[in-house]
S.K.: 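Mind having a look at this structure? Questions to follow.
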Amino acid sequence: MTAAPVGIGSVLIVDDSHVQRSYALSICRELGIEKLHEASNGREALALLTALSPRPELVIVDLEMPTMDGPEFLVKLQERGFDIPVIVASSRERALIDTVREMGGVLGLHVLAAVQKPLQADVLRQAIQSAEGRELRRSAQRAELAIDAAALSDALERNEIYVHYQPKADIRTGIVRGVEALARWTHPTLGPIPPDQFIPVAERNQLIHRLTIDVMNQAMLQSSAWRARGLHLPVAINLSPMLLERSDLALEIASLQQCHGLTPDQIVIEITESSLVTRVGTALSVLAQLRLRGFGLSIDDYGTGFSSMQQLARIPFTELKIDRSFVRGAPERDSLQVILRSAIEMANRLGLVTVAEGVETLQEWRMLQEFGCTLGQGWLIARPMPGDDLIGWMKQYRVQAAQLRA
Ligand code: C2E
Ligand code: CA
Ligand code: CA
């Protein structure tokens with residue numbers, strides 16, 4: 001039987017069993033994948049990944065292997081910064097496979113699926129063609145293009161960085177309660193470049209302050225424009241933790257807010273818990289100042305970093321954003337539900353607003369409703385959009401909102 005090609009050109013199969021490898025290769029061939037690479041353990045696979053250019057677009061990895069097993073291989077992938085989509089395939093029990101998938105998610109790897117062997121062509125096809133799989137491939141293709149500090153600096157100079165907004169909606173009623181500002185860059189020749197690529201460049205090259213102020217200015221301008229049209233929505237802005245080392249940051253944000261005629265409670269500052277801050281004292285003082293002035297403070301990507309509890313107790317946060325790796329697929333996975341439920345309960349007890357990121361399906365939405373989460377954000381509600389589109393979108397969203405109501 002021949003079917004339509006699956007849309008990727010190369011794959012690396014990592015499995016110690018020759019029979020299993022051949023079987024996986026035959027399925028990939030059946031899916032129309034042309035370049036097939038194989039390795040019999042994690043170490044061999046890493047060596048191949050380092051040597052191959054271009055890199056394979058997908059890795060399918062077994063769990064039990066001599067020399068370097070699946071879990072260790074995943075840790076090494078992360079440590080070496082290989083940003084390749086992974087599918088975990090094993091003949092071990094479901095719970096164990098799910099745990100490894102979870103581990104991959106926590107490490108920040110893109111685990112598209114965790115499947116039980118024998119591999120099946122349609123299961124593989126589904127994972128590869130999932131929205132996430134497609135998105136990842138697009139950004140991987142662009143990652144090959146060089147984005148350096150000079151290009152980014154020029155972009156800031158030429159005002160090529162702009163902002164899109166993604167709604168956050170009330171989980172009980174579906175009503176829009178705020179938006180998150182997300183930086184966008186369309187390079188004149190390279191096209192759209194994802195923030196996961198240019199934000200790290202900005203952070204490494206002392207451009208992040210300029211970029212953040214630029215984004216804040218645009219977001220606040222947009223917010224005043226919405227207010228002028230009767231729409232009062234808090235705007236969330238992402239802040240790199242390294243900026244917390246600037247002792248005058250709170251003052252700077254406050255003067256921007258005043259310039260735009262906004263009140264601080266209309267602005268939420270989202271900070272990821274994953275990155276480390278070296279000057280902890282200054283960071284704490286900036287956070288305290290922001291909170292004292294009345295800005296909202298949100299812990300972003302909750303669950304992916306460390307010392308979560310300690311941070312929560314120490315810093316006057318107002319909101320907890322649960323990372324999308326805990327939301328996606330949760331209705332089918334008991335272990336994710338346990339994590340979600342306990343994060344929401346803890347946040348509720350601490351008096352924090354909870355936001356679930358990356359809600360893509362109605363099932364996920366209903367589950368969050370049951371768990372008592374406050375807000376949901378994700379493609380189910382809307383993709384990030386230009387500020388000018390928001391009011392029009394809200395009009396047509398009303399019908400959908402009614403269906404989301406508990
Ligand atoms: P984040 O803060 O976790 O932002 C949410 C990301 O999830 C956004 O990716 C958004 O487009 C994506 N997303 C939203 N709903 C869904 C969904 O249902 N499914 C899936 N699969 N994804 C969804 P985006 O825009 O690519 O931004 C990536 C990251 O870049 C952000 O992650 C944030 O950490 C960073 N970033 C974006 N803008 C800024 C900025 O102005 N300053 C800083 N420091 N970081 C920024
Ligand atoms: Ca965020
Ligand atoms: Ca996040």
Side-chain angles (χ1 to χ4, degrees), residues 83 85 105 108 110-112 130-140 142-143 152 155-156 161-169 178-186 192-205 207-220 222 234-244 246 249 253 267-275 296-305 317 319-330 355-365 368 375-386:
D83 196 16
H110 303 289
V111 184
L112 294 183
S130 66
E132 195 196 11
R134 284 202 304 270
E135 195 84 354
L136 279 170
R137 272 197 302 287
R138 243 175 275 136
S139 65
R142 285 191 294 257
L152 184 58
L156 284 161
I161 309 287
Y162 55 99
V163 183
H164 275 185
Y165 302 85
Q166 188 178 35
K168 297 178 174 177
V179 293
E180 175 177 3
L182 292 158
R184 294 288 178 263
W185 177 16
T186 306
I193 296 167
D196 290 335
Q197 278 170 38
F198 66 79
I199 299 289
V201 174
E203 288 177 338
R204 283 195 301 268
N205 296 281
L207 291 168
I208 190 67
H209 178 251
R210 218 167 114 199
L211 185 145
T212 305
I213 297 297
D214 186 354
V215 167
M216 279 191 183
N217 251 318
Q218 294 186 45
M220 290 186 191
Q222 182 60 252
V235 179
I237 297 166
N238 291 285
L239 193 77
S240 290
M242 60 193 295
L243 288 178
L244 295 174
R246 302 173 71 101
L249 188 80
I253 296 177
I267 295 157
V268 179
I269 307 285
E270 294 189 5
I271 304 152
T272 51
E273 60 153 10
S274 46
S275 319
L297 286 186
S298 176
I299 302 184
D300 207 353
D301 301 338
Y302 177 75
T304 60
F317 282 107
E319 182 183 280
L320 186 78
K321 281 191 94 166
I322 304 168
D323 190 66
R324 56 186 181 277
S325 57
F326 297 98
V327 176
R328 198 193 48 188
V355 186
E357 277 185 346
V359 189
E360 292 183 0
T361 68
L362 189 60
Q363 273 160 302
E364 289 161 3
W365 182 267
L368 292 161
L375 302 174
Q377 182 181 345
W379 297 347
L380 177 68
I381 304 299
R383 302 243 175 174
M385 66 186 96

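This is a predicted model, so every value here is computed, not measured. For ligands, and for the atoms within them, numbers begin at 1 and follow the listed sequence.
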S.K.: Taking heavy atoms and a distance under 4.0 Å, where does Ile199 meet ligand 1: side chain, backbone, both or neither?
M.R.: side chain
S.K.: Please enumerate all residues that pass side-chain hydrogen bond (donor to acceptor under 3.5 Å, both in side chains) together with Asn217, with sequence neighbours excluded.
M.R.: His260
S.K.: So for Thr212, does at least one of its heavy atoms come nearer than 4.0 angstrom to any atom of ligand 1?
M.R.: no
S.K.: Quick check against the 3.5 Å criterion: does Glu364 have a side-chain atom that pairs as donor or acceptor with the backbone of Gly329?
M.R.: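 Such a contact is found between Glu364 side chain and Gly329 backbone.
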S.K.: Would Asn238 count as a contact for the Ca ion (ligand 2), in the sense that one of its N, O or S atoms lies under 3.0 Å from it?
M.R.: yes
S.K.: Within less than 4.0 angstrom of ligand 1, does Arg383 place any heavy atom?
M.R.: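 No heavy atom of Arg383 comes that close to ligand 1.
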S.K.: Going by the rule salt bridge (charged side-chain N to carboxylate O under 4.0 Å, His left out), which residues pair with Arg210 if we only count those two or more places apart in sequence or in a different chain?
M.R.: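 Residues passing salt bridge (charged side-chain N to carboxylate O under 4.0 Å, His left out) with Arg210: Glu157.
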S.K.: Which single N/O/S atom of Glu270 lies at minimum distance from the Ca ion (ligand 2)?
M.R.: OE1
S.K.: Taking only non-hydrogen atoms of Pro194, do any sit less than 4.0 angstrom from ligand 1?
M.R.: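 No, Pro194 has no heavy atoms under 4.0 Å from ligand 1.
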S.K.: Confirm or rule out an N/O/S atom of Glu180, from backbone or side chain, lying less than 3.0 Å from the Ca ion (ligand 2).
M.R.: yes
S.K.: With a 4.0 Å heavy-atom cut-off (strictly under), which part of Ile237 contacts ligand 1: side chain, backbone, both or neither?
M.R.: neither
S.K.: Could an N or O of ligand 1 be found under 3.5 Å from any N or O of Asp301, whether backbone or side chain?
M.R.: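 N/O-N/O distance under 3.5 Å: yes.
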S.K.: So, taking the atom named OG in Ser298 and the one named CD in Glu180, what distance separates them when rounded to the nearest 0.5 Å?
M.R.: 8.5 Å
S.K.: Among the heavy atoms of Gln377, does any lie under 4.0 Å from an atom of ligand 1?
M.R.: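 Flag not set, Gln377 not near ligand 1.
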S.K.: Restricting to N, O or S atoms, which atom of Asp300 is closest to the Ca ion (ligand 2)?
M.R.: OD2
S.K.: Judged by non-hydrogen atoms, does Arg328 sit under 4.0 Å from ligand 1?
M.R.: no
